[in-house]
Each structure stands twice: as C-alpha cells, then as structure tokens.
Amino acid sequence: MAKFKAIRGTRDVLPEEWPYWDHIERAIRKVTALYGYRKIATPILEETGLYVRGVGQGTDIVDKEMYTFEDRGGRSLSLRPEFTAGIMRAYLENGLHVQPKPVKLYSVGPIFRYERPEAGRYRQHTQFNVEAIGEQDPALDFEVIALALHLFREIGLTGTRLQINSTGCPRCRPQYVSQLTEYYSTRLDVVCSDCRRRFERNPLRLLDCKVPQCQPVIAEAPNIRAHLCSECRQHFETLLSYLDAASVPYEVNPRLVRGLDYYTKTVFEVWVQGIGSQNAICGGGRYDGLIEELGGPPTPGIGFGSGIERLVLTLQEQNVPVASPSAPAVFLAHLGEEAKRVALEMVQAFRAEGIPALVSFGERSLKAQLRDANRVGARVVVVIGEEELRDGRFQLKWLDRGEQTSVPREQVILSVKQELRGVALD
RNA sequence: GUGAGCGUAGCUCAACGGUAGAGCACCAGGCUGUGGCCCUGGGGGUUGUGGGUUCGAAUCCCAUCGCUCACCCCA
C-alpha cells in the first residue's frame, strides 16, 4: 500500500475521465462566447475577511466550512469557498466598473469547503462560475439563467429542472422573516429540533426542512412571494414572464433558500437526478447589495456556480457520449541498436509532419512491440530491423487490415501520409 | 458535526479461528522477426494502522485512520 494518499475529500482526475472534462470545457468556451462573457481568474487564496464580509457571518460556509489559516506573515487567509466575493474584489480593485455594463465575467477553478464527503460532494471541487455586474434589469436574470440551461443542453444533459424563487431585498425580507418567526413561534413544540435551532439562527432555512413532521407547518407558512415589496414583486414577475415568453420551463419553489447572505431578489438552482442524494448542478442568484458591502459603490449583480464534478457524474450516469482523443496513428518497432537509432530519428520526422507517432522503448521482442502497438490503437507499425536496414526497405504493417507492405526507407513517411489521408489529424 | 456499512494483489472479489486465493490486468514463453484469439508459466500482499484475546487472527475485541452511504448543507 502506498504511503501517501490523496487527502480526504480530494480526488485525482485520471486520463479516462478527461474526455468528459474536455467535453464540458469546450461547451463552456462556446456558450460563454455566445453570451458575451470574458474569462477572469482570481487567486485561490484571499483574505479571510473578504468572505466573512461578503458571504456573511452565520452562514455555514463561513462558520464551519472554510479552510482558514494564518500565513507566515500573520495574515488570516482562506482557500476560496465560492467565487463571487473574489470576483467582486477584483472588479473593484481593477476598476472594471469603467467597462460597458453589464460586465460579464466567467471563471473555472477549484473551490474548497470543509464538508463531509459523499457521492458528488468533495472538499475540493471545480466550479464554472458566471457573474454579470452592474445591471438590475430582470432581463439580465433571464439571460444568466438561459446561459446555464444552454450549457447543460450543449453538453447533452437531459432531465434538468430549473428551480426559482425570490428572497426579497433588505426592505421586504426582514418583514417577511418576522412574519415567519411569528408564525413559527406558536408551533415550535411540533417542529423538529433542527428547526428550533433554525428559528433562532436562520429562520429562512425553516422552509427548507425535510423532516416529515415539519412539512404541514411549512405548507401553512406565509409564502414569501406574497410578501415581497412592489419592486421585488415586479422584478420577479417580470423575470417569470420573460421565461414564459421564451418557453423556458421552471418551477417556482417558495422553499428555495440559499446559504449565502448576499442574495437578493432572484435565487435559482438547476436540479438533476443521478448524483446520489445531491441534485443541484447549478446554484446562483442576484446580489444587489454585495459590492456595496465590500466597500464599493452600490452596484447590482447576478451570477451562478456550477460544479464540474457533478456534471461529469451526470454525463456518465446518462451515458452521454463524449469525444475521445484520437489514438496515435503510427508505431515504430525496432530490433537492434542501429534500428533503434533510426526509429528515434524517424518518429521525430513523423511528428514534425503533424502525424502522431510513438516509438517502442527498451529492447523487446517484435511480438511484444506489436502487442503494444495494437493496444495503443495505432493504425500502422513501421518495422525496422537488420533486414530492413540492409535492404533499405522498411515493412509497414497495417493493423486493422493485417496487410504488410515493403516501402523504400525514404518513402515511408510519404507513403503513410497518403494512406492516412482523410483521417483527421489534429 | 451526527448515524450506519465497509477496509484482503493495480482492479473486482473469495477465504470468516487452522499454510492468503481466483478472475481481470501486467510480464514472458508457445511462435529464436509479426498484434488481436488461444494455451502454459511468472512477478506481485507485513489482509489500512496500532494494540488485545488465543497454541494459532484476514477472521474475534478495542482504538485509530480511511472509504462509502445517509443527515446537515450545498455545486
């Protein structure tokens, strides 16, 4: 048994899995271009205070899930537990507000949360993240949601379900929360112990409880949609009308409450089956107060994150076909020291011509070399041995047909090239 | 953080108190220079780790670490 193992909640992405990642990244490049998003990368390390301020004290992420440590200079740093706060920091620090609004940005990179790992949940996972900053029009909410759904369609996922809700704004949410707590205050004896705790710490999450005994209480609870202020209500209804007009199916989910403090108005998730008990492949919302909270001018924004590992799991679960990298076309087998030198020279010549080529290493039987050629999927083997060097004609063995031809040494590359014509080489 | 199940070869698993095995994979030979199929052979393990019970532990007990699943929460 090896001495070192990948640490808990982290994983290796082995070559067999990469076609799925490449498939997704291709779709990300395509869709972000279609919607006019530009790429940005921010550091994985940020000041801890950025997340305490941005995501919010009292949230699970900040209170118990951050990888926080003191660096050698005594600063408190954290591995990023989400993208948005860091992107907003970069937006302010680099003066991106001078660009045409909305400023549309996307990122792909690792996120760290200290959670108990299970199917589809890791301590390090990779997120595709999108942010659109500086516009409060619900048309932008529509576009951001459309982008997410477009991506999932593009990679070939089926059965996605858009969940959407509005959590109001600092003007109407506190009133709703007080109505909710008032309602719950007379029912605390019939709800679960977790809900009694939520009642104190984060009342909105009461709506999210899955314990059977709490369901009747939730069903009768005041609905936030009926308690939104006129601005929030209009924003939400307009967004829904845009989705209707575009025939985008959605489910208004009054119990959809997200775990980050900065969300205002629109919140949404995209659900799919097939990742164990996890069902969210995408989550996001509007954060109209965040930039101001971080010390910038009042600036609205909206964005989402989507977990690549979960997308890969879902693609595999749904048997979505993805393109595999093409096999090397040519394999050079050699017998003897001189033949090996010639093979090394020739394999470079093939590569210089843009033809993927492999050469055998070590000194092995021709049988073993052919077996390797077959296993790596080569189309043709160039056999170089003493006879070939003496005669100046090399053997070309075509593995799919089993045919073998003899070609003058200097015509080997040309001959292979002509035979492979029509086969995509890139 | 809570609960449950499980840790044996690179992988999937057997052996369940009495000499650690199979299939797949790998390497070689059959075929002294010709792949896939087949046959034969070979290499590979301090049975996660530490302690205990026992004449004897992969097997029983304790601890610890890890994995998986569920809760919580999320992507």
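Since the model is a prediction, treat every value here as computed from it, not as a measurement.
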Paired to B/rA20 by Watson-Crick or G-U wobble criteria (both distances under 3.5 Å) is none
Please work out if A/Arg371 contacts a base, only the sugar-phosphate, or nothing of the nucleic acid, heavy-atom cut-off 4.0 Å.
sugar-phosphate
Should the ring pair A/Tyr35 and A/His150 be called parallel, tilted or perpendicular, given that the plane angle runs from 0 to 90° and is split at 30 and 60?
perpendicular
Could you tell me whether A/Asp391 and A/Arg393 make a salt bridge, using a distance below 4.0 angstrom between a side-chain N and a carboxylate O?
no
Side-chain ion pair, A/Arg364 and A/Asp372, N-O less than 4.0 Å
yes
Take atom C1' in B/rG35 and the same atom in B/rG23, then report the distance between them in whole Å.
24 Å
Is there, by distance only and without an angle test, a donor paired with an acceptor across the side chain of A/Lys367 and the base of B/rU34 below 3.5 Å?
no
Counting any heavy atom closer than 4.0 Å, what does A/Leu335 reach on the DNA or RNA strands: base, sugar-phosphate only, or nothing?
base
Length of the line joining A/Gln369:CD and B/rG33:P, which is rounded to integer Å:
11 Å
Confirm from the modelled atom types if A/Arg113 and B/rC73 form a donor-acceptor pair under 3.5 Å, side chain to base only.
no
Residue-phosphate contact under 4.0 Å: A/Arg116 side-chain N/O, B/rC71 OP1/OP2:
no
Answer yes or no: side-chain N or O of A/Glu388 and base N or O of B/rG33 forming a donor-acceptor pair under 3.5 Å.
yes
Base of B/rC27 paired with side chain of A/Arg364 (donor-acceptor, under 3.5 Å):
no
Would you mind checking if A/Arg341 and A/Glu345 are paired as a salt bridge, meaning a charged N to carboxylate O distance below 4.0 Å?
no
I'd like to know if A/Glu118 reaches the base of B/rC72 with its side chain such that a donor and an acceptor end up less than 3.5 angstrom apart.
yes
Examine the base of B/rU34 for any acceptor or donor lying under 3.5 Å from a partner atom in the side chain of A/Gln404, and report the outcome as yes or no.
yes
Return the value, rounded to whole Å, for the distance between atom NE2 of A/His334 and atom P of B/rU34.
16 Å
note: A/Lys397, atom NZ; B/rU34, atom P; distance rounded to Å ~ 9 Å
Using a 6.0 Å cut-off, check whether atom OH of A/Tyr114 has over 12 heavy atoms from anything other than its own residue.
no
